[in-house]
Amino acid sequence: MRYADASPEHLYKLLGIYSVSLLAIHLLLCRFAPDADQLLFPLCATLNGLGLIFIIRLDASTGKELAGRQILWTLVGCLACAVFLLFISNPRSLARVSHIAGLTGLILLALPLVWPQPTAADARIWLKLGPFSIQPGEFAKILFILFFAILFTQKRALFTIAGTKIGPLSFPRLRDLAPIFLVWALVLLIMGASNDFGPALLFFLTVLGMLYIATARVSWLLIGIALTTVGSVLIYAVSDKIQQRVSNMRDPLANYYTIGNQLSESLFGLSSGGITGSGLGSGHPELIPLAHSDFILGAVGEELGLFGLAGVLLIFSLLSSRIFRIALRASHTYTKLMTAGFGLTLTLQVFIITGGISGLIPMTGLTTPFMSAGGSSIIANYIMLALLLRISHYEKSSS
């Protein structure tokens, strides 16, 4: 059934399922985590609802029938959120499994390399399980944050004190750098083999931010910038995909009928939307390829205008500020770094996506948290939300 022809009763049923799922999480929070941050869940639910509105709107134009699937994935995400809220009473207990989490994350990243991929996929990032397909990289992101949170907690003294002083800066010893170099190289190799570099960029910038928070040493930032630069140059030299995206960013209209079509249509939509937008349902965001996924913010900018897009970004900004507030108040280094890692990955992801849809930086293929269509992303984000809620509740109730 096409959503253009769907009855209002059908849409009300979908929205009813969505509302009941969110209500169930709210009731669980009232019962099992009453001291959790009171803004985290409403902000995420607002973003999820806005994304759903635009997916329904895009379905009406394209007939892709993604809204029902998105609500199903939201229900699964809420169930995952409920499980983590119920069974992780002390977030510090995750430290015991964080090393295993890092190994599991590497395995999840590597699995698509040996798994049959969809014929239309230009990157090996999918696991097809019966009628469903998932992106294991979305869950690996959370596992890596857990791993590096415990690594930096255990090695914090070495990273902060030991090292060689060069001028005003103190650089770490090579043996202290080895674990970070190893994981950096493995992730880069896996992402290179899968032809998907956006998550690698997000991962490395998140880890770099966590390391700086743990040590407050400028030398680590310099090392991280150097590694990022070297990695970017190497990837650009060997990847036709990255070369095309950089060329597309510089002049999308030169390749309008091929690789430049997506960004060109996004820029046209943002331009036609202007300050106040064309109005919900009055624009043509369906002309943007993957408007329901990678470019959903482009659809928001066209139909709600600069004001609407700025409002969405303000919600993300408020969400990020609440997460970093929890990190600041955390009494244990492990939970502090884990929370900061979640805040960094959310902030960086939104920044990279916004820069991509506006042509300021090359597109990376990342999805907008809580808004883009896709099961892996929505489930992983709800798991992350559950951990943040549990951390905020634990820190406040135990203080």
Side-chain angles (χ1 to χ4, degrees), residues 1-8 10-12 14-15 18-19 22 42-71 73-74 249 252-253 256 260-319 349-361 363-374 377-378 381:
M1 177 174 59
R2 290 173 59 92
Y3 278 83
D5 303 322
S7 64
H10 180 72
L11 296 179
Y12 294 152
L14 291 178
L15 294 176
Y18 168 76
S19 302
L22 298 183
L43 290 171
C44 294
T46 300
L47 292 168
N48 196 174
L50 284 170
L52 183 59
I53 288 171
F54 273 89
I55 292 170
I56 292 174
R57 182 264 175 273
L58 289 165
D59 278 351
S61 298
T62 63
K64 289 185 177 180
E65 303 182 25
L66 294 172
R69 231 176 304 174
Q70 185 72 354
I71 290 177
W73 287 123
T74 299
M249 175 199 70
L253 293 178
Y256 175 77
N261 180 256
Q262 188 181 43
L263 179 56
S264 296
E265 292 294 348
S266 175
L267 294 175
F268 290 154
L270 292 173
S271 175
S272 64
I275 301 296
T276 58
S278 59
L280 187 63
S282 299
H284 294 282
E286 71 277 1
L287 298 178
I288 307 173
L290 296 177
H292 60 276
S293 179
D294 298 0
F295 273 70
I296 196 165
L297 288 185
V300 172
E302 178 176 353
E303 298 208 329
L304 301 186
L306 177 62
F307 287 161
L309 183 56
V312 171
L313 295 179
L314 281 174
I315 295 174
F316 276 117
S317 299
L318 183 56
L319 178 60
Q349 192 166 341
V350 174
F351 174 81
I352 292 170
I353 293 163
T354 307
I357 66 160
S358 55
L360 296 177
I361 59 176
M363 273 304 301
T364 56
L366 297 173
T367 56
T368 306
F370 292 102
M371 294 187 67
S372 294
S377 176
I378 202 73
N381 285 320

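Excluded from the calculations below are hydrogen atoms, water molecules and symmetry mates; all remaining heavy atoms, backbone and side chain alike, are included.
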Q | Nearest atoms (heavy-atom pairs only) where D59 meets L66 | A | OD2-N, 2.8 Å
Mind checking the [atom1]-[atom2] spacing from [X] to [Y]? Nearest 0.5 Å is all I need.
X: I71; Y: L15; atom1: CD1; atom2: CG; answer: 5.5 Å
X: L280; Y: I56; atom1: CG; atom2: CD1; answer: 10.0 Å
X: L263; Y: I288; atom1: CG; atom2: CD1; answer: 9.5 Å

(Q) The criterion is side-chain hydrogen bond (donor to acceptor under 3.5 Å, both in side chains); which residues satisfy it with E265, sequence neighbours excluded? (A) Y256
Q.
So, using side-chain hydrogen bond (donor to acceptor under 3.5 Å, both in side chains) as the criterion, who are the partners of S377 when residues are at least two apart?
A. T367, N381
Which atom pairs, one a donor and one an acceptor, fall under 3.5 Å between side chains of residues 289-309 and the rest of the protein, sequence neighbours left out?
from: E302; atom 1: OE2; to: H284; atom 2: N; distance (Å): 2.7
from: E303; atom 1: OE1; to: R57; atom 2: NE; distance (Å): 3.1
from: E303; atom 1: OE1; to: G281; atom 2: N; distance (Å): 2.9
from: E303; atom 1: OE2; to: R57; atom 2: NE; distance (Å): 2.8
from: E303; atom 1: OE2; to: R57; atom 2: NH2; distance (Å): 2.9
from: E303; atom 1: OE2; to: G281; atom 2: N; distance (Å): 3.4
from: E303; atom 1: OE2; to: G283; atom 2: N; distance (Å): 3.0

Q: Examine distances only and state if a side-chain atom of S264 and a backbone atom of G260 form a donor-acceptor pair shorter than 3.5 Å.
A: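 Yes: the side chain of S264 pairs with the backbone of G260.
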**Q.** Backbone of L313 reached by a side-chain donor or acceptor of S317 within 3.5 Å
**A.** yes
Q. Can you tell if the side chain of M371 reaches within under 4.5 Å of the side chain of N48, non-hydrogen atoms only?
A. no
Q.
L50 vs T46, test: side-chain contact (heavy atoms from CB on, under 4.5 Å). Steps then yes/no.
A. CA-CA 6 Å; L50 284 170; T46 300; 4.3 Å; yes
**Q.** side-chain contact (heavy atoms from CB on, under 4.5 Å) between V312 and L47, worked out
**A.** CA-CA 8 Å; V312 171; L47 292 168; 4.2 Å; yes
